[in-house]
Every structure is written in structure tokens, then in C-alpha cells.
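Remarks on the structure that follows.
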Amino acid sequence: MGGGTPRRLQRAIALLREIADLDRDDDGDVIIGTDADGHNDLMSRFASFLATHDQ
């Protein structure tokens, strides 16, 4: 097995870091906003990641 972090893990870590940087409400819950059409880029990227890598 080669050294370094596998690309799949790097992508997962990047998504988790994005969550850590999201705004939080007074209770500490993450606020995940959507655009006027109800779309959320972060959640779309989660779905795409899981569809590709979930086994």
C-alpha cells in the first residue's frame, strides 16, 4: 500500500472541514441554508460523494 492519504479520505475530510466552518445557531446547531429554489451545494456534494464511494 502506498503512502499518503487516499483521495477518497481527503475528499471526506474536506467536506467535514466545511461543516465545521458553517454558521451555528444559539444552541450550537449547524445552520445549513438553501438558495431560493431550495438547493444546497454542500448537501448535493455529500450525496454525490456517497453515491460514488458508499459500498
Side-chain angles (χ1 to χ4, degrees):
M1 183 182 279
T5 305
R7 188 166 189 72
R8 185 181 310 179
L9 181 57
Q10 290 173 345
R11 290 186 62 205
I13 290 169
L15 287 172
L16 291 172
R17 284 187 178 138
E18 248 185 88
I19 292 171
D21 289 338
L22 291 175
D23 291 331
R24 297 181 182 274
D25 64 14
D26 292 338
D27 295 326
D29 298 324
V30 172
I31 300 170
I32 297 179
T34 58
D35 63 16
D37 294 325
H39 299 116
N40 179 283
D41 182 58
L42 180 61
M43 298 309 285
S44 295
R45 289 177 31 223
F46 273 132
S48 174
F49 179 85
L50 291 173
T52 303
H53 301 290
D54 193 21
Q55 297 177 358

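Counting from 1, the numbers follow the sequence of the chain as shown.
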Task: Expected output: side-chain D27 to main-chain D29 donor-acceptor under 3.5 Å - done: no
TODO: Applying side-chain hydrogen bond (donor to acceptor under 3.5 Å, both in side chains), name anything that partners Q10, two or more places apart in sequence or on another chain.
DONE: none
- [ ] Using atom types as modelled and distance alone, determine if a side-chain donor or acceptor of S48 lies under 3.5 Å from a backbone N or O of S44.
- [x] no
Open item on the list: Is it true that, when you exclude R7 itself, more than 12 heavy atoms of the residues, nucleotides or ligands shown sit nearer than 6.0 Å to its CZ?
Closed with: no
TODO: With sequence neighbours excluded, tell me which residues meet side-chain contact (heavy atoms from CB on, under 4.5 Å) with L9.
DONE: T5, P6, I13
